[in-house]
Amino acid sequence: DDAILKDINAFVSEVCHAHHQELEFYSLYRSPLQVKGKQQLSSCIYLHGTVAFYIRRSIMETIVNEHRRSRFCRFPIDMYISKMGPWYATRREIVGHLDLGRVGSV
């Protein structure tokens, strides 16, 4: 995806945390939907958005081998991942999303 790294130290810290906790999936992108209220309280539950993430090989293999992939012109990976969860997401703003549109979209 079109991601921009905003905090390299936080990125390293979160990836190490995900690895040491043996998480299968961990979103390194804080979705705007995670932020609630004027106080900017942030949920740690992954909702959607696959801008940048840590994923175990076994989960990625499940996605790659999904038999329904051929039914879609663009496989909705974020929706597929969210249905497999619940998963965790960072509460920090580690990466941003350059909203330049989707590849192949008109």
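Residue numbers start at 1 and run along the sequence shown. The structure presented is a predicted model; accordingly, all values stated were derived computationally and were not measured.
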Checklist entry - Are Ile8 and Ile94 close enough, and set up right, to give a side chain to side chain contact (heavy atoms under 4.5 Å, CB included), and what steps lead you there? => result CA-CA 7 Å; Ile8 193 165; Ile94 298 172; over 6 Å; no
Checklist entry - Hey, are Arg56 and Glu24 close enough for a salt bridge, meaning a charged N less than 4.0 Å from a carboxylate O? => result no
Next on the checklist: Looking at Glu22, I'd like to know if its CD atom is crowded, meaning that more than 12 non-hydrogen atoms belonging to other residues, nucleotides or ligands lie closer than 6.0 Å.
Outcome noted: no
Checklist entry - Are Ile55 and Tyr26 close enough that some pair of their side-chain heavy atoms sits under 4.5 Å apart? => result no
Item to check | side chain to side chain contact (heavy atoms under 4.5 Å, CB included) between Ile4 and Val95, intermediate numbers included | outcome: CA-CA 5 Å; Ile4 184 164; Val95 296; over 6 Å; no
Checklist entry - Should Met60 and Val64 be marked as a side chain to side chain contact (heavy atoms under 4.5 Å, CB included) after you check the CA-CA gap, both sets of side-chain angles, and the distance that decides it? => result CA-CA 6 Å; Met60 197 66 222; Val64 168; 4.2 Å; yes
Item to check | Heavy-atom closest pair, residues Val51 and Ala3 | outcome: CG1-CB, 3.5 Å
Checklist entry - Heavy atoms, side chains only, cut-off 4.5 Å: are Glu14 and Arg92 in contact? => result yes
Checklist entry - Do you know which of Trp87, Phe25, Phe11 makes ring pair (Phe, Tyr, Trp, His ring centres under 6.0 Å) with Phe53? => result Phe25
Checklist entry - What is the distance from atom OG1 of Thr90 to atom NE2 of His17, rounded to the nearest 0.5 Å? => result 9.0 Å
Checklist entry - Does the pair Asn65 and Ile63 meet the rule for a side chain to side chain contact (heavy atoms under 4.5 Å, CB included), with working shown? => result CA-CA 5 Å; Asn65 294 323; Ile63 293 167; over 6 Å; no
